[in-house]
Amino acid sequence: MARPRNCRRVGSMPESNYFKPRGIPLSVLEEVILNVDEFEAIRLADLEGLYQDRAAEKMKVSRQTFGRIIESGRKKVAEALVKGKALKIEGGEFQMALVRKFRCDDCEHSWELPYRTGRPENCPSCKSGNIHRAEQGTGYGRRFGRGQGSCCRGTQQKE
Ligand SMILES: [Zn+2]
């Protein structure tokens with residue numbers, strides 16, 4: 001089995017992981033698989049507009065690696081758009097950035113903070129102190145299957 005070469009840090013999972021052109025039955029629809037790390041590269045560089053070296057830093061990869069990831073990702077997105085294929089986002093070599101989720105009981109605002117930043121005292125939205133830690137969604141690991149977590153955790157100790 002191929003071992004992942006490096007660990008690509010992903011800050012957020014796609015909200016929707018399947019895009020399909022309207023009017024094409026699933027039986028004849030071709031799929032393009034966009035890996036989660038490619039999705040993240042596109043998000044950082046094309047949506048957030050980060051320079052590639054900054055985006056590479058965020059994903060904890062070299063600039064060259066980032067360049068390859070995003071090139072491959074853009075090509076897949078283009079292929080789906082141009083050829084009318086479905087786009088499925090899953091798998092890839094990545095590890096989720098560790099974040100803690102909080103939720104406000106008063107206004108239902110929820111937000112994320114990286115670890116080691118201390119517990120927030122107020123809701124950033126309504127300033128209420130009535131907040132609690134929300135558990136990280138557990139659905140992703142199964143939904144996005146292979147790739148998740150298998151990258152850094154575990155494989156390092158075996159070597
Ligand atoms: Zn609030």
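These values consider heavy atoms only, across backbone and side chains, with no hydrogens, waters or symmetry-generated copies. In what follows, residues are counted from 1 in the order of the sequence shown. Atoms within each ligand, like the ligands themselves, are counted from 1 in listed order.
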Visitor: What pairs meet the side chain to side chain donor-acceptor pair (under 3.5 Å) rule with one or both residues in residues 19-29, with sequence neighbours excluded?
Guide: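 Of all non-adjacent pairs touching residues 19-29, none passes side chain to side chain donor-acceptor pair (under 3.5 Å).
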Visitor: Between Arg9 and Asp37, is there a salt bridge with N-O shorter than 4.0 Å?
Guide: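 Judged by the 4.0 Å cut-off on N to carboxylate O distance, Asp37 and Arg9 do not form a salt bridge.
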Visitor: I'd like to know if Glu30 pairs up with Lys83 as an ion pair, taking the criterion as any Lys NZ or Arg NE/NH1/NH2 lying under 4.0 Å from an Asp or Glu carboxylate oxygen.
Guide: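 Looking at Glu30 and Lys83, the cut-off is not met.
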Visitor: Got a sec, which residues hit salt bridge (charged side-chain N to carboxylate O under 4.0 Å, His left out) with Lys76, two or more places apart in sequence or on another chain?
Guide: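 Applying salt bridge (charged side-chain N to carboxylate O under 4.0 Å, His left out) to Lys76 gives Glu38.
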Visitor: Which residues end up grouped with Val82 if you chain together Ile, Leu, Val, Met, Phe, Trp and Tyr wherever their side-chain heavy atoms are less than 4.5 Å apart?
Guide: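 Besides Val82, the hydrophobic cluster comprises nothing; the residue is isolated.
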Visitor: Any heavy-atom pair between the side chains of Ser125 and Cys104 that's under 4.5 Å?
Guide: no
Visitor: Pull up every protein N/O/S atom sitting under 2.8 Å from the Zn ion (ligand 1), skipping waters.
Guide: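 Atoms qualifying: Cys104 SG, Cys107 SG, Cys123 SG, Cys126 SG.
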